[in-house]
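Just below is one structure, and these are the notes that go with it.
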Number of protein chains: 2
Amino acid sequence: MGKQMTEMLKGTLEGIVLALLTGNPAYGYEITTSLRAQGFTEIAEGTVYALLVRIEQKGLVDVEKRPSEKGPPRKVYTLNARGEKELNEFWNTWSFLSERLEQLRREGN
Amino acid sequence: MGKQMTEMLKGTLEGIVLALLTGNPAYGYEITTSLRAQGFTEIAEGTVYALLVRIEQKGLVDVEKRPSEKGPPRKVYTLNARGEKELNEFWNTWSFLSERLEQLRREGN
DNA sequence: ACCACTACATAGTAAAACTAGGTAGCACTA
DNA sequence: TAGTGCTACCTAGTTTTACTATGTAGTGGT
């Protein structure tokens with residue numbers, strides 16, 4: 001992956017995953033696949049699992065273990081109230097940054 | 001500054017500074033002030049200077065020392081050809097990320 | 001038994017913004 | 001002339017997060 005993208009994902013990837021989870025519980029492997037399907041082709045599996053551990057420890061998601069038809073049991077993550085609040089703040093931060101940048105791009109400043 | 005913003009700035013702050021410099025040479029202190037005026041109220045001075053050292057070492061800017069009316073001499077940074085190329089790539093990366101995120105926000109996915 | 005695929009997990013590394021200071025030049029004033 | 005305030009630059013050490021690289025396990029097919 002481009003180094004630029006790598007750095008830019010810091011701080012946004014967590015939000016992206018939270019957004020993916022809204023109204024749509026999912027497990028790690030599924031999230032990785034989903035991200036890749038959406039164009040983040042080179043996200044490392046390890047990155048996603050580490051992130052999921054983080055948001056679980058922060059208490060943003062509820063976790064449930066479910067047996068899988070194939071392979072080891074899945075850890076299904078569901079966004080909870082705190083996660084929704086965090087996601088909300090993420091969108092606010094994002095909006096601010098996004099507006100600044102669009103302005104800069106327009107002005108050629 | 002919010003921790004979220006801190007993390008989100010990683011990978012974008014450099015682009016923001018490059019964008020500020022297009023057609024508008026500036027020195028560190030000026031850039032810091034300018035950033036704050038544009039709403040990035042809590043950007044630390046040290047952060048900007050470290051970033052300027054980085055982009056100078058990468059050869060994205062030309063540097064010229066100019067005496068100041070008040071205080072020590074200023075280091076004026078001018079975006080060069082390599083810097084413009086880098087800025088272009090930055091906008092591409094940003095556009096990609098931005099589009100993904102806007103889509104996610106719309107879909108409520 | 002072996003392989004392919006699913007699925008989760010972790011140790012160590014790199015990059016970037018932070019905190020928390022420091023140095024230095026100039027102007028004004030008590 | 002000592003002190004204060006503003007301008008201006010710089011650095012050492014910390015934290016966070018995504019990365020690489022690897023390991024563990026379960027299931028099904030050959």
Side-chain angles (χ1 to χ4, degrees), chain A residues 1-18 25-36 40-58 60-61 63-77 86 90 93 97, chain B residues 1-18 25-36 40-58 60-61 63-77 86 90 93 97:
Chain A
M1 190 150 37
K3 206 170 54 174
Q4 250 183 1
M5 183 58 92
T6 288
E7 288 309 316
M8 219 179 276
L9 280 174
K10 293 188 183 181
T12 55
L13 186 55
E14 182 177 310
I16 291 170
V17 169
L18 292 179
Y27 54 97
Y29 192 81
E30 189 184 7
I31 291 168
T32 305
T33 317
S34 177
L35 283 168
R36 288 183 175 152
F40 299 102
T41 48
E42 295 177 72
I43 297 263
E45 252 195 290
T47 299
V48 176
Y49 286 111
L51 190 155
L52 290 172
V53 167
R54 233 151 50 218
I55 64 176
E56 182 183 355
Q57 276 170 354
K58 286 200 233 169
L60 309 179
V61 285
V63 186
E64 190 197 346
K65 215 155 207 168
R66 272 188 231 159
S68 163
E69 308 89 47
K70 24 175 63 186
R74 297 165 173 164
K75 276 179 79 177
V76 177
Y77 295 84
E86 179 83 1
F90 168 77
T93 309
L97 191 60
Chain B
M1 188 149 41
K3 205 170 53 171
Q4 250 182 2
M5 183 57 93
T6 289
E7 289 307 317
M8 220 181 275
L9 281 175
K10 292 190 182 179
T12 55
L13 187 55
E14 183 178 310
I16 290 170
V17 170
L18 292 179
Y27 54 96
Y29 191 81
E30 189 184 7
I31 292 168
T32 305
T33 317
S34 178
L35 283 169
R36 287 184 176 153
F40 299 102
T41 48
E42 295 177 72
I43 296 265
E45 252 195 288
T47 298
V48 175
Y49 286 110
L51 190 156
L52 290 172
V53 167
R54 230 150 54 217
I55 65 177
E56 183 183 354
Q57 277 170 352
K58 285 201 232 168
L60 307 179
V61 286
V63 186
E64 191 197 347
K65 214 155 207 167
R66 272 188 232 162
S68 164
E69 308 90 47
K70 25 176 60 185
R74 297 165 174 165
K75 276 180 77 176
V76 177
Y77 295 85
E86 180 83 1
F90 168 76
T93 308
L97 192 60

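Protein chains get the first letters and strands the later ones, always in sequence-line order, with residue 1 at the start of each.
Neither OP1 nor OP2 of dA7(C) sits under 4.0 Å from any side-chain N or O of Y49(A). The side chain of K3(B) contributes no N or O atom lying less than 4.0 Å from OP1 or OP2 of dT17(D). OP1 and OP2 of dC9(D) both lie 4.0 Å or more from every side-chain N or O belonging to Y27(B).
Summarising the geometry, the separation between CD on E7(A) and P on dT17(D) is reported as 13 Å, rounded to the nearest angstrom. When rounded to the nearest whole Å, the span between CD1 of I31(A) and C1' of dA9(C) equals 15 Å. We find that CG of L35(B) is positioned 16 Å from C1' of dA8(D), with the value rounded to whole Å. Here the P atom of nucleotide dA7(C) and the CZ atom of R36(A) are 13 Å apart, to the nearest Å. Following rounding to the nearest Å, K58(B) (NZ) and dA14(C) (C1') show an atom-to-atom distance of 13 Å. Between the CD1 atom of I55(B) and the P atom of dA16(C) there is a distance of 12 Å, given to the nearest Å. Rounding to whole angstrom units, CG of residue L97(A) and P of dA16(C) are separated by 16 Å. In this structure, K65(A) places its NZ atom 11 Å from P of dG26(D), rounding to the nearest Å.
In this structure, the nucleotide among dA18(D), dA7(C), dC18(C) sitting nearest to the side chain of R54(A) is dA18(D). Nearest nucleotide to the Y29(A) side chain, out of dT6(C), dC19(D), dA9(C): dT6(C). Checking dA9(C), dC9(D), dA7(C) against every side-chain atom of R74(A), the shortest atom distance belongs to dA7(C). Closest to the side chain of L9(A), from the set dT16(D), dA18(D), dA17(C), is dA18(D).
In the displayed structure, K58(A) atom NZ is contacted under 6.0 Å by more than 12 heavy atoms of other residues, nucleotides or ligands.
Taking 4.5 Å as the limit, every side-chain heavy atom of M8(B) sits out of range of all side-chain heavy atoms of E14(A).
Each of E30(A), E64(A), E69(A) was scored for a salt bridge (charged side-chain N to carboxylate O under 4.0 Å, His left out) with R74(A), with one residue passing: E69(A).
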- Task: Could you run through nucleotides 19-28 of chain C and give me one letter per nucleotide, 5' to 3': B if any protein heavy atom sits under 4.0 Å from the base, S if only the sugar-phosphate is that close, - if neither?
- Result: B----BBS--
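L52(A) comes within contact range of no nucleotide atom at all, as no heavy-atom separation falls under 4.0 Å.
Here the closest non-hydrogen pair linking A26(A) and I31(A) is CB-CG1, 3.8 Å. A pairwise comparison of heavy atoms in E7(B) and G11(A) identifies CB-CA, 3.7 Å as the closest pair.
Counting atom types as modelled, K10(A) pairs a side-chain N or O with a base atom of dA15(C) as donor and acceptor under 3.5 Å.
Defined by atom type and a distance below 3.5 Å, a donor-acceptor pair is missing between the side-chain atoms of E45(A) and T32(A).
Although no hydrogens or angles enter the test, the distance criterion places a donor-acceptor pair under 3.5 Å between the side chain of R36(B) and the main chain of I43(B).
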